[in-house]
Amino acid sequence: MGILEGLNPQQKRAVTAPPGAVLVLAGPGSGKTRVLTHRVAYLIRHREVAPWHIMAVTFTNKAAREMRDRVVELLGGSLDGLTIGTFHATCARILRREADRWYATADYVIYDRDDQEKVVKQALQRLNLDDAKFPPRMMVKLIGRAKNELITPQLYRAGAYVEEVAGRVYAEYQALMKKSNALDFDDLLMQLVLVLDAEPTVMKKYQRRYQHILVDEFQDTNTAQYALLKRLAAEHGNLFCVGDEDQSIYRFRGADWRNVRRFREDYPESETILLEQNYRSTQIILDAAQGVIRPNPHRTHKALFTERRAGARITVHEAYNEDEEAEFVVNTILRMIGASGRPQRAKPGDFAIMYRTNAQSRRIEEAFVRAGMSYRLVGATRFYARREVRDVIAYLRAVHNPDDLVSLLRIINVPPRGIGAKTVAALRDWAEQAGASLGAAIAGMAEGSTSGPGMPPPVAGRASRAVSRFADLLAGWVARSETTPVADLMDLILEESGYRDRLHDGSPEGEERWDNVLELRNVASEYPETTLSEFLEQVALVSEVDNLTEELTAPTLLTLHAAKGLEFPVVFIVGLEDGILPHRRSWDDPEQMAEERRLLYVGITRAMDRLYLLHCFRRSAWGDAELGRPSRFLDDLPPALIAGAGEHLDRRVGRRAHRDRLLPGLARPAQAERRAVLAPAGPSFETGQRVQHSVFGEGVVIESEPADGDEIITVAFEELGLKRLLASVAKLEAIGEG
């Protein structure tokens, strides 16, 4: 097979580009991996570049293996000396070769995130700092951010007080790492850059070895990675980068899409090649994706096209709440799987359900369980198996049954409260000798006498006081549990135990874990009359989803971040509401808002044949159902691409104008306030009342609520389903009682 065989004109242009700096901006599904592998093969066979003079770097081991396998297939035989791997693996190999040039030896170890947090705890102890006030997870994040920017402890400069503390912890942390002959993943990049800068002979050595450097997913590089590439390519200038600014969605990991712009500034003579032909999706899906991404600034427009001109229009569906949203997804999948009239019946593995945050999976998981259908959960733990969810359930179980050993052992020192493993072991021995439960031993310690297990307490001093405080908390929760609704009891436990503060550590991970706790609270608040015993029973039954087989032929549930690089015949994206996507954290940050838009773009372009975009009229938040505002990104979908009710109106006035005129209760706050001044108070409508609309026809009022001197009315129309209308604008006519 020829190296250039089967390539389209733009792919061929990229593969055969002359030496120098080349930037390939590859749209989704345009064959970027194909271009990279054929470029390597072309350099070896047609440019006669020795394999050991080529370095290709990417971000995952899977992608690196795939690249190597394809090159071997193209050229035949092994390729001794060819460097293909992740950034971190490549840096690790070089650092081992050059161990005598810096502080570590060749047998250094690489610490993962858990190891890092343990080292940070040691650093905090050495500095007499409280790890409750300065959570190790947050410190690790701040240290990693500094390393990604090539900021050493000596160069670290603080703004806020917490950053000043992080600077001291960073210095102590690095000293401990050096003592342990250890590096973390961020060190692999930073230390190599430092070695290259400090050792000109080493720099020259690797510049001459790697005469051609190829980079996959260039938009996901951070400052340290780009600095490394620039140094290695400084002598020959042969830097071949493949990426797409529109698919940069890992800013929270340090990725900086602006490296694409920096590349053009640093290499003004570089050639830019666009890959615009898509081999995955229908043109309708591509046009929708381009409508969503077009408003982003500072991007290179790519006119995505495909030979798949036909295709189903996009379904934008409004559900009443999260449960109806989940039921719609599952029922649609079941209908498509069972549609015997289809030329090719859909298979369960053809479907993917994507969402912005992991907490959103809970309702969908439960809908699959109710339907008796298996599913796969990618990139996350099943909702009821997530650590923070299990922690809170363990607290509730211990309140319900203080003799529950498993739950007590889980929560007794979570968050840390000075009850270490030795104290717990002593308490258990004490209880066993007396034939009592651990719960009874703890209660006995709180009484400060021998009235518990009937023997002198096994611990004293600080440990005894810590156990007594925990016992007092537990006793207080037990006393309140009989008369307090489960959701309120959960609030009390989260506050008094310190668990809420533990999760609120300022990190994205902490915020996501807190979102999961809030979602569990939503479960409790849905059943205010349920006793604690009944609630725990319901949770235990639902959590049996953990036992479902993760079949390869099952629908896939995953976050939009985890979806990158994947493709599915049918994609559902749920939770498309302002506050979720775009996430509320991004509203005041233009850079984050642009990334939120890119996130939806990535999700849309995972779809091959069918795309469903869902949002809710009402969504639970902290136990209360709030009106949802459809994501502002939906406004940018070309109306002609959308199937379903109201399409004729979308053609006539456009989606945005139609929504602003008929659904002003969901418009942006500024718009709503403007209209509230102009709109007179509307008429009063009652639940169950039948009404007539000049366009939508007859319907029944589901609910009515005041809105700044007006009235938002939810109507179930016979033909079009649920609509939200502002009374003063919609001009509904009452035609009788339902």
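Owing to the predicted nature of the structure, the values given are computational and were not obtained by experimental measurement.
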Legend entry - Validation row: W257, H298 side chains within 4.5 angstrom (heavy atoms): yes
Inset, instruction - Calculate, to the nearest 0.5 Å, the distance between atoms CG and CZ belonging to L599 and R251 respectively. - result: 13.5 Å
Legend entry - Sub-4.5 Å side-chain heavy-atom contact between R313 and I642: no
Legend entry - A487 backbone acceptor or donor facing S525 side chain under 3.5 Å: no
Inset, instruction - Measure from the side-chain N and O atoms of R606 to the backbone N and O of L566, and report whether any donor-acceptor pair falls under 3.5 Å. - result: yes
Legend entry - Candidate pair F328 and H317, rule ring-ring contact (aromatic ring centres under 6.0 Å, His included), full reasoning: CA-CA 9 Å; F328 176 87; H317 178 77; 3.8 Å; yes
Inset, instruction - Would you check if M490 and L520 make a side-chain contact, meaning some heavy-atom pair closer than 4.5 Å? - result: yes
Legend entry - Polar contact flag, side-chain donor to acceptor under 3.5 angstrom, Q219-D244: no
Legend entry - Residues E245 and T300: side-chain donor-acceptor under 3.5 angstrom: yes
Legend entry - Over all atoms of both residues, closest heavy-atom pair of S30 and L275: OG-CB, 3.6 Å
Legend entry - Polar side-chain atom of N331 near backbone of E327 as donor-acceptor pair, under 3.5 Å: yes
Legend entry - Polar side-chain atom of N296 near backbone of A594 as donor-acceptor pair, under 3.5 Å: yes
Inset, instruction - Indicate whether the side chain of E596 and that of W587 have a donor and an acceptor atom separated by less than 3.5 Å. - result: no
Inset, instruction - Decide yes or no on salt bridge (Lys or Arg N to Asp or Glu O under 4.0 Å) for D636 and R597, but give the supporting numbers first. - result: CA-CA 11 Å; D636 300 307; R597 190 179 287 277; 2.8 Å; yes
Legend entry - Over all atoms of both residues, closest heavy-atom pair of L558 and A352: CD2-CB, 4.2 Å
Inset, instruction - Return yes if a side-chain donor-acceptor contact under 3.5 Å exists between R376 and T556, otherwise no. - result: yes
Inset, instruction - Decide yes or no on side-chain contact (heavy atoms from CB on, under 4.5 Å) for F351 and T332, but give the supporting numbers first. - result: CA-CA 10 Å; F351 301 90; T332 302; 6.0 Å; no
Legend entry - Distance-minimising heavy-atom pair for A319 and E324: CA-OE2, 3.3 Å
Legend entry - Which atom of L25 lies closest to which atom of K302, heavy atoms considered: O-CD, 3.8 Å
Inset, instruction - Give a yes or no on this: more than 12 heavy atoms of other residues, nucleotides or ligands lie within 6.0 Å of atom CD of E591. - result: yes
Legend entry - Sidechain-backbone polar pair: R309 side chain, T306 backbone, donor-acceptor under 3.5 Å: yes
Legend entry - Close side-chain approach of Q592 to H583, heavy-atom, < 4.5 Å: no
Legend entry - S361-R386 side chain donor-acceptor pair, cut-off 3.5 Å: yes
Legend entry - Validation row: H561, I249 side chains within 4.5 angstrom (heavy atoms): yes
Legend entry - Rounded distance [0.5 Å steps], CD in Q692 versus CD in E733: 6.5 Å
Legend entry - Among R632, R584, R619, the one residue meeting salt bridge (Lys or Arg N to Asp or Glu O under 4.0 Å) with E577: R619
Inset, instruction - Identify the two heavy atoms, one from V35 and one from A14, that lie closest to each other, and give their separation to 0.1 Å. - result: CG1-CB, 3.9 Å
Legend entry - Side-chain donor/acceptor of T559 to backbone N/O of Y355, under 3.5 Å: no
Inset, instruction - Establish, yes or no, whether the cationic atom of R598 lies under 6.0 Å from the six-membered ring centre of Y601 and within 45° of the ring axis. - result: no
Inset, instruction - May I ask you to check whether D216 and T58 show a side-chain donor-acceptor distance below 3.5 Å? - result: yes
Inset, instruction - Taking the side chain as every heavy atom from C-beta outward, state whether L7 and V15 have any atom pair closer than 4.5 Å. - result: yes
Inset, instruction - Can you see which heavy atom on A289 is nearest to which on I604, and at what distance? - result: CB-CG2, 3.8 Å
Inset, instruction - Take Q11 and R34 through the side-chain contact (heavy atoms from CB on, under 4.5 Å) test and state the conclusion after the steps. - result: CA-CA 8 Å; Q11 290 174 334; R34 184 180 180 85; 4.1 Å; yes
Inset, instruction - Measure the spacing between CZ of R280 and CG of L304 and express it to the nearest 0.5 Å. - result: 10.5 Å
Legend entry - Evaluation steps, salt bridge (Lys or Arg N to Asp or Glu O under 4.0 Å), between E217 and K32: CA-CA 9 Å; E217 303 287 6; K32 69 177 180 61; 3.2 Å; yes
Inset, instruction - Could you check if a side-chain atom of I285 sits within less than 4.5 angstrom of a side-chain atom of T605, using non-hydrogen atoms only? - result: no
Legend entry - Gap between atom CH2 of W514 and atom CZ of R521 - 0.5 Å precision: 9.0 Å
Legend entry - Heavy-atom side-chain contact between L600 and L581 under 4.5 Å: yes
Legend entry - Nearest-0.5 Å distance, CG of residue L576 to CG of residue L614: 7.5 Å
Inset, instruction - Take K347 and I337, measure what side-chain contact (heavy atoms from CB on, under 4.5 Å) needs, and give me the verdict at the end. - result: CA-CA 6 Å; K347 301 183 292 295; I337 292 173; over 6 Å; no
Inset, instruction - May I ask you to check whether Q283 and D287 show a side-chain donor-acceptor distance below 3.5 Å? - result: yes
Inset, instruction - Applying side-chain contact (heavy atoms from CB on, under 4.5 Å), run through F535 and I393 and close with a yes or a no. - result: CA-CA 10 Å; F535 173 76; I393 291 174; 5.5 Å; no
Legend entry - Check against salt bridge (Lys or Arg N to Asp or Glu O under 4.0 Å), K62 and E66: CA-CA 6 Å; K62 178 183 176 182; E66 182 181 354; over 6 Å; no
Legend entry - From NE2 (H615) to CD1 (I573), nearest 0.5 Å: 13.0 Å
